[in-house]
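The structure appears below as structure tokens.
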Amino acid sequence: MKSHFLVMILIFMLSSCSDGPPKTLEFPEGLEQIYVGEVKENLCLDCDKKMVGYFGLQTGRSTNYLMLISKSIHELKEKNEDLPVIFVFGGQHPKGVIDKDYLLRVLEKIDFPYPVLYDRDDQFYKLNKLENYPQKKDIQIYLVEKNLIHSEAAPGIPGFDKQIKDFLE
């Protein structure tokens, strides 16, 4: 009985040390805004409702995913013109293969309809403790209301339009 009690205390202490998944998102100062093609609008970091995504540049996985969901992002822009979409591309590829120039080429190739934030030093990831997210650490997309994470967003997945509609109501 005494050993069960000690095990329970140990589990409680270990679980309380973990920060868990992020609950809020903040933008550090000094992130570089990149404009794509004809897009010249500034990002609305202070808007009440927005979709915020983090894409780690340490591997090619995030830019490949971006290309896969590009049609869904274009449809989102057409149907929900007033919803700010803020994608932060952070970190560095260990061999320097994926850098800001490579990112810009990918964004231009898919005619990305929003400006993006480039975060070479991964400040956004660190500030928001995104490493505590349980899976897909290099790609995280959220619907955010007043800097509080409302839910995960799933562009390219059936039901995404309804998810956005419900969020905006």
Side-chain angles (χ1 to χ4, degrees), residues 22 24-93 96-128 130 133 136-169:
T24 62
L25 291 177
E26 298 176 37
F27 296 94
E29 295 289 322
L31 299 184
E32 181 181 353
Q33 188 164 314
I34 297 177
Y35 300 94
V36 182
E38 301 296 316
V39 177
K40 298 297 179 212
E41 64 198 47
N42 286 321
L43 294 169
C44 183
L45 303 180
D46 297 327
C47 287
D48 282 346
K49 291 188 175 191
K50 55 193 163 263
M51 185 167 82
V52 178
Y54 169 80
F55 295 79
L57 295 177
Q58 297 82 355
T59 69
R61 190 173 115 85
S62 60
T63 51
N64 290 340
Y65 178 74
L66 183 66
M67 288 189 271
L68 287 173
I69 65 166
S70 66
K71 181 180 178 193
S72 181
I73 298 299
H74 282 278
E75 290 171 357
L76 175 68
K77 177 77 172 176
E78 290 171 14
K79 295 177 183 176
N80 301 285
E81 201 171 287
D82 295 332
L83 176 67
V85 173
I86 304 164
F87 283 177
V88 179
F89 291 86
Q92 301 177 52
H93 189 274
V97 178
I98 300 172
D99 58 7
K100 186 170 92 172
D101 292 334
Y102 177 83
L103 172 62
L104 190 54
R105 285 193 303 274
V106 169
L107 295 170
E108 288 172 344
K109 179 179 180 178
I110 62 174
D111 193 26
F112 197 71
Y114 301 98
V116 301
L117 293 174
Y118 177 67
D119 179 12
R120 184 179 187 275
D121 298 324
D122 233 359
Q123 298 171 64
F124 180 80
Y125 186 86
K126 294 170 188 166
L127 174 67
N128 294 293
L130 297 181
Y133 190 73
K136 296 189 294 187
K137 293 181 181 184
D138 59 335
I139 302 169
Q140 300 180 40
I141 305 173
Y142 302 103
L143 297 175
V144 177
E145 186 169 4
K146 297 181 181 173
N147 290 350
L148 295 172
I149 295 174
H150 178 271
S151 62
E152 286 184 70
I157 303 296
F160 178 62
D161 288 344
K162 182 176 178 351
Q163 182 186 28
I164 294 296
K165 182 181 174 196
D166 293 347
F167 173 66
L168 294 174
E169 289 180 346

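Glu108 contributes no side-chain N or O that, together with a main-chain N or O of Arg105, makes up a donor-acceptor pair within less than 3.5 Å. A donor-acceptor pair under 3.5 Å links the side-chain atoms of Gln163 to the main chain of Glu152, judged by distance alone. Formation of a donor-acceptor pair under 3.5 Å by the Ser62 side chain with backbone atoms of Gly56 is found in this model. For the pair Asp121 (side chain) and Gln123 (backbone), a donor-acceptor distance under 3.5 Å is absent.
Contact annotation: the side chain of Lys79 never approaches that of Ile164 to less than 4.5 Å [non-hydrogen atoms, C-beta and beyond]. Using a 4.5 Å cut-off on side-chain heavy atoms (C-beta onward), Ile141 and Pro155 make contact. Counting only heavy atoms from C-beta outward, the side chains of Glu169 and Asp166 approach each other to under 4.5 Å.
Residues Leu45 and Asn147 share a closest heavy-atom pair of O-OD1, 4.4 Å. A pairwise comparison of heavy atoms in Val116 and Phe112 identifies CG1-CE2, 3.6 Å as the closest pair. The shortest heavy-atom contact between Gln33 and Leu43 is NE2-N, 3.4 Å. In terms of heavy-atom proximity, Gly90 sits nearest to Tyr54 at O-OH, 3.7 Å. Between Cys44 and Ile86, the closest heavy-atom pair is O-CD1, 3.5 Å. Closest of all the heavy-atom pairs between Phe124 and Pro28 is N-CG, 3.8 Å.
With rounding to the nearest 0.5 Å, the separation of CG in Leu168 from NZ in Lys49 is 6.0 Å. With rounding to the nearest 0.5 Å, the separation of CD1 in Ile69 from NE2 in His74 is 10.5 Å. A distance of 5.0 Å separates CG of Leu130 from CG of Asn128, quoted to the nearest 0.5 Å. In this structure, OH in Tyr118 is found 7.5 Å from CD1 in Ile34, a value given to the nearest 0.5 Å. Distance check: Ile139 CD1 to Tyr65 OH gives 6.5 Å after rounding to the nearest 0.5 Å. To the nearest 0.5 Å, the span separating CG on Leu66 from CG on Leu68 amounts to 9.0 Å.
Around CD of Glu29, the count of heavy atoms belonging to other residues, nucleotides or ligands within 6.0 Å does not exceed 12. More than 12 heavy atoms of other residues, nucleotides or ligands shown are found within 6.0 angstrom of CD on Glu41. The environment of Lys162 atom NZ is sparse: at most 12 non-hydrogen atoms of other residues, nucleotides or ligands sit within 6.0 angstrom.
For the 3.5 Å distance criterion, the side chains of Asp138 and Tyr125 fail to qualify, holding no donor opposite an acceptor.
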Subject >> CA sep, side-chain torsions, deciding dist, call: Val85, Lys77, side chain to side chain contact (heavy atoms under 4.5 Å, CB included) >> reply: CA-CA 9 Å; Val85 173; Lys77 177 77 172 176; over 6 Å; no
Between His93 and Leu57, is the side chain to side chain contact (heavy atoms under 4.5 Å, CB included) condition met? List the steps. CA-CA 6 Å; His93 189 274; Leu57 295 177; 5.8 Å; no
Q) Should Thr63 and Tyr102 be marked as a side chain to side chain contact (heavy atoms under 4.5 Å, CB included) after you check the CA-CA gap, both sets of side-chain angles, and the distance that decides it? A) CA-CA 9 Å; Thr63 51; Tyr102 177 83; 3.9 Å; yes
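Using bins of under 30°, 30° to 60° and over 60° for the plane-to-plane angle, the ring pair Phe55/Phe87 lands in the tilted bin.
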